[in-house]
Amino acid sequence: MRVMVMVKASSASEAGEMPDSELLAAMGKFNEELVQAGVMLAGEGLHPSRKGVRIRYSGSERSVIDGPFAETKELVAGFWLWQVRSMDEAIEWARRCPNPHAEDCEVEIRPVFEADDFGDAFTPELREQEDRLRADIEARRT
């Protein structure tokens with residue numbers, strides 16, 4: 001199963017404060033362990049919400065809302081995409097992670113939808129399209 005592991009923002013990350021070299025080294029070591037175990041598929045930190053935008057959809061209308069966004073505890077400061085056998089395995093990896101911030105923070109883990117999760121609505125034609133898109137993405141990486 002794939003899971004998205006979201007590092008929640010902190011007041012420091014939203015202020016644009018960068019981690020010190022000790023935290024960067026600890027996170028680098030942890031990321032190496034994830035890669036060597038075949039767990040980490042992707043992972044990145046995100047700029048503060050003041051550099052971001054939100055797109056609001058209302059029927060056919062679209063509006064752009066510039067950051068920053070108010071509720072820091074609801075924002076994401078970074079993420080990993082992991083391939084694990086179970087949610088329990090993801091939790092065990094997250095327990096081993098260094099605290100991503102110098103202050104208290106939270107990490108949220110959520111399963112990524114897989115094709116089978118959509119049932120009959122995900123027709124053979126849609127599955128074929130999905131397979132083509134994934135192959136195209138992979139080909140563009142190399």
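Reckoned from all heavy atoms, side chains included, excluding hydrogens, waters and symmetry mates.
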Given side chains that start at C-beta, do those of Met6 and Glu106 come closer than 4.5 Å, heavy atoms only?
-> no
Flag yes if more than 12 heavy atoms outside Glu114 fall under 6.0 Å of its CD atom; otherwise flag no.
-> yes
Using distance only, find each side-chain donor-acceptor pair of residues 34-49 under 3.5 Å and give its atom names and separation, not counting sequence neighbours.
from, atom 1, to, atom 2, distance (Å)
His47, ND1, Lys51, NZ, 3.4
Ser49, OG, Glu14, OE1, 2.5
Ser49, OG, Phe69, N, 3.1

Should Ile109 and Trp93 be counted in the same cluster of Ile, Leu, Val, Met, Phe, Trp and Tyr side chains packed under 4.5 Å apart?
-> yes
Phe30 reachable from Val3 in the ILVMFWY side-chain graph, under 4.5 Å edges | yes
Group every Ile, Leu, Val, Met, Phe, Trp and Tyr by side-chain heavy-atom contacts under 4.5 Å, then state whether Met1 and Val107 land in the same group.
-> yes
Look at atom CG of Asp136 and say whether more than 12 heavy atoms of other residues, nucleotides or ligands are closer to it than 6.0 Å.
-> yes
SB check Lys8 Asp104 (cutoff 4.0 Å) | no
Tell me whether Trp82 is reachable from Val112 by hopping between hydrophobic residues (I, L, V, M, F, W, Y) whose side-chain heavy atoms are closer than 4.5 Å.
-> no
Step by step, work out the side chain to side chain contact (heavy atoms under 4.5 Å, CB included) result for Arg56 and Ile65.
-> CA-CA 7 Å; Arg56 183 177 309 272; Ile65 304 155; 3.3 Å; yes
Are Pro111 and Arg2 side-chain neighbours, meaning at least one heavy-atom pair lies under 4.5 Å?
-> no
Close side-chain approach of Met27 and Pro19, heavy atoms under 4.5 Å | no
Glu92 with Arg96: basic N within carboxylate O range, under 4.0 Å = no
Pair Glu103-Ser10, side chain to side chain contact (heavy atoms under 4.5 Å, CB included): steps then yes or no | CA-CA 7 Å; Glu103 57 196 272; Ser10 68; 3.5 Å; yes
Take atom CZ in Arg140; do more than 12 heavy atoms of anything else shown fall under 6.0 Å from it?
-> no
In terms of heavy-atom contacts, does CD of Glu108 have more than 12 from other residues, nucleotides or ligands at under 6.0 Å?
-> yes
Would you call Arg132 and Glu128 a salt bridge, using N to O less than 4.0 angstrom?
-> yes
Report the distance from atom CD of Glu125 to atom CD of Glu130, rounding to the nearest 0.5 Å.
-> 14.0 Å
Do Arg141 and Ile137 come close enough that some side-chain heavy atom pair is under 4.5 Å?
-> yes
Residues which pass ring-ring contact (aromatic ring centres under 6.0 Å, His included) with Phe113, listed by chain and number, not counting sequence neighbours | Phe118
May I ask you to check whether over 12 heavy atoms, not counting those of Arg110, lie within 6.0 Å of atom CZ?
-> no
Can you check side chain to side chain contact (heavy atoms under 4.5 Å, CB included) on Trp80 and Cys97, steps first, answer last?
-> CA-CA 12 Å; Trp80 285 283; Cys97 179; 3.5 Å; yes
Is there a chain of hydrophobic side chains (I, L, V, M, F, W, Y, each step under 4.5 Å between heavy atoms) that links Met4 to Val7?
-> no
